[in-house]
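Let me begin by presenting the structure, written as C-alpha cells, before commenting on it.
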Protein chains: 2
Amino acid sequence: MARNKHPEQTVKLILDTASQLFFQKGYDRTTLQDIIDATKLSKGAIYHHFASKEAILIAVADRMGEYNTAVLAEVRDRKGLTGAEKLREMFRTAVRLSFQGGIVNMLPFLIENPKFLALQMESILNEAAPHYALPVLREGIADGSIRTDRPEELSEVLLILSDLWLHPILRPSTPEQVRARCTFFNQFTRQYGFELLDEDIIDAMVEFCRS
Amino acid sequence: MARNKHPEQTVKLILDTASQLFFQKGYDRTTLQDIIDATKLSKGAIYHHFASKEAILIAVADRMGEYNTAVLAEVRDRKGLTGAEKLREMFRTAVRLSFQGGIVNMLPFLIENPKFLALQMESILNEAAPHYALPVLREGIADGSIRTDRPEELSEVLLILSDLWLHPILRPSTPEQVRARCTFFNQFTRQYGFELLDEDIIDAMVEFCRS
DNA sequence: CAGATACAGACCGGCGGTCTGTATTATTCT
DNA sequence: AGAATAATACAGACCGCCGGTCTGTATCTG
C-alpha cells in the first residue's frame, strides 16, 4: 500500500504499539526498529507521521493526558455537587483510572523513564491545577464546603502531594506506610474543611501495593 | 603520560568537566566526545575510570548529594537549638546552597534532564527525609517546638513541597507567585507549631526569580 | 623484571534520522 | 468526463555519530 485512505489508523497503530513498548521496556530501551518490527511498517512511514522518536513519546503522553483531563472535566462540570464533593469525586476517579488498565502498567515505565515524570509535573502545574482543581476549589469556597484564602496554592499542593507523594505507584511502599500517608493527607485537607480519601480508596491503594 | 601518579586528579577532572557540560547542555546532549575534547583526555582514560556515561552522571549526582548532606548533617548535630530552630536553619542553608554557586546553574539542567529529577526525588524520600528531617522533627516534638503525631509523613511532605513545589528553580515564576507560595507554606507549617520561611529567604527567592 | 596501572586511540554495532523512490489518491484544468 | 498534475502515504537504502570495546603501550610498583 502506498497511499492509505485512512492514515489516522496508521497513526493510532504507531501510538498504540509505541506506548505498549515504552511501558514494557522504557523509552530509551525501545528502539525505532522495535516499533518497526511490531507495527510491520517502514521507517519512512513512521517518520512521515512523526518528526522524531521523542515526538512519539510526547504524542503518547498527550493522548493519555487528554483522556485523563476529559474525565476530570466531566466531574468539574457536573451539576448538583458541592465543591468538596466534586473534589472527592475527582480523586476517586483519578485513583480508579490509575489502577484499572491505565497507569498501573506504568510502574516500571515511570521509574525507568523520568522524562515522563517531568512531563507529568508540568501537566500538574500548568493544566490540572489551574483548569480543574482550582475552579472546583473556588466553587467549594463559594458554597462553603471548602475554606481557604489561597486556592491557587492549595490546588497545586493537593495535586503535587497526591500524584508525587501519596500515589504508591511511584515507589515501593508497605500497606502501613500507605495508610499512614493517607491519614496524614486527610488530616491535612481537614484543615480546609474537607476530606478526600475514604476507606474504599485507601483499601484500593493498599491492595494495589500488595501486588 | 601513561601512568599517572595521581589518578584521583584525573577522576576529578572528568567529574568537574562532565558536571559543567551536563549543566550547560543537559546529559543527553553531552556526548563523550564533548568530554574528551574538554578534558583533552582519551576515550580509554575515561572508560578506565568510569564504566559508562551514566556512571559519570551518577558520580556527579553523588558528589553533589554528599556535599549537601554533609552540610545538613552539621546542622542536625548542632547543639543548643530546638528542633524547630534546626529545621529553620536547615531550610536557610539549603536555600543558600542552592542559590550561591551550587544548584542555581542547574536550572536548565534539571529541566532538560529529568533523570536527575528522579534521582532527586529518590534521595529526598530515601535519604534526606528519614536521616535528616525526621530526627530533627523528633527532637522538636521532644522539646515542644513541633507538634505532630506523624513525623515520618510530615518530614516527607516538607521536603517534597520545598524541593519540588516551592523551589522556584524548577519553573518560571513571578515574584507574586513565589510570595504566595511561601505564605501558604508558612500557613501550612504553623499548623505544626513552627514557621520556616522568614522575610530574608523569601526575598532571596524572589530576587533569584528576577534573573 | 614481572605484573598492575593509567592511559591512548583505532574500531564496531547500532541507533536516530535523512533522502530518494514509488504507488495511490486528490485536485485542477480543459 | 478525463487527462495532467500535485500531494499524500508509505518503502527502504543510506549516513553520521554515539556509547562502548579492544588492543596496544608507557610508566610505576613490588
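All chains are named by letter (A, B, ...) in the order of the sequence lines, taking the proteins before the strands, and each is independently numbered beginning at 1.
For the pair A:D28 CG and C:dG14 C1', the interatomic distance rounds to 15 Å; values are reported in whole Å. The NZ atom of B:K40 sits 14 Å away from the P atom of C:dG9 (whole-angstrom rounding). Taking atom CD1 of A:I46 as the reference point, atom C1' of C:dC19 lies 16 Å away to the nearest angstrom. For the pair B:E54 CD and D:dG20 P, the interatomic distance rounds to 8 Å; values are reported in whole Å. Atom CZ in A:R29 sits about 17 Å away from atom P in D:dG19, given to the nearest Å. If you take CZ of B:F50 and P of D:dT21, they are 15 Å apart, rounded to a whole angstrom. Rounded to whole Å, atom C1' of D:dA9 lies 13 Å from atom NE2 of A:H6. The distance from atom CD1 of B:I56 to atom P of D:dC18 is 14 Å, rounded to the nearest whole Å.
With distances taken from any side-chain atom of B:Y47 to the nucleotides D:dG19, D:dC10, C:dC7, the minimum falls on D:dG19. Comparing D:dG19, D:dT8, C:dA8 by their nearest atom to the side chain of A:H48 picks out D:dT8. Nearest to the side-chain atoms of A:L41 among the listed nucleotides C:dA6, D:dA11, D:dA9 stands D:dA11. Here the nucleotide nearest the side chain of A:T31, chosen from C:dG17, C:dG16, C:dA6, is C:dG16. Set against D:dC10, D:dT21, C:dT18, the side chain of A:K43 has C:dT18 as its closest nucleotide. Comparing atom distances between the A:A45 side chain and each of C:dG17, C:dG9, D:dC10 picks out D:dC10 as nearest.
Applying the 6.0 Å contact sphere to CD of A:Q20 captures no more than 12 heavy atoms from other residues, nucleotides or ligands. Remark: A:Q187 CD is packed, more than 12 non-hydrogen atoms of other residues, nucleotides or ligands lying under 6.0 Å away.
Below 30°, between 30° and 60°, or above 60°: for B:F188 and A:F188 the angle between ring planes is above 60°, a perpendicular geometry.
Nearest-nucleotide positions on DNA chain C place A:L32 closer to the 5' end than the other of A:G44 and A:L32. Nearest-nucleotide assignment on DNA chain D puts the 5′-proximal partner with A:V11, out of B:S52 and A:V11.
Residue A:H49 places at least one side-chain N or O under 4.0 Å from the OP1 or OP2 atom of D:dC10. Listed pair B:T10 / C:dC7 meets the phosphate criterion, a side-chain N or O lying under 4.0 Å from OP1 or OP2.
Counting non-hydrogen atoms under 4.0 angstrom, A:T30 reaches the backbone sugars and phosphates but no base.
The closest side-chain heavy-atom distance from B:T93 to B:E74 is not below 4.5 Å.
Under the 3.5 Å distance criterion, with hydrogens and angles disregarded, a donor-acceptor pair is assigned to the side chains of A:Q33 and A:D37.
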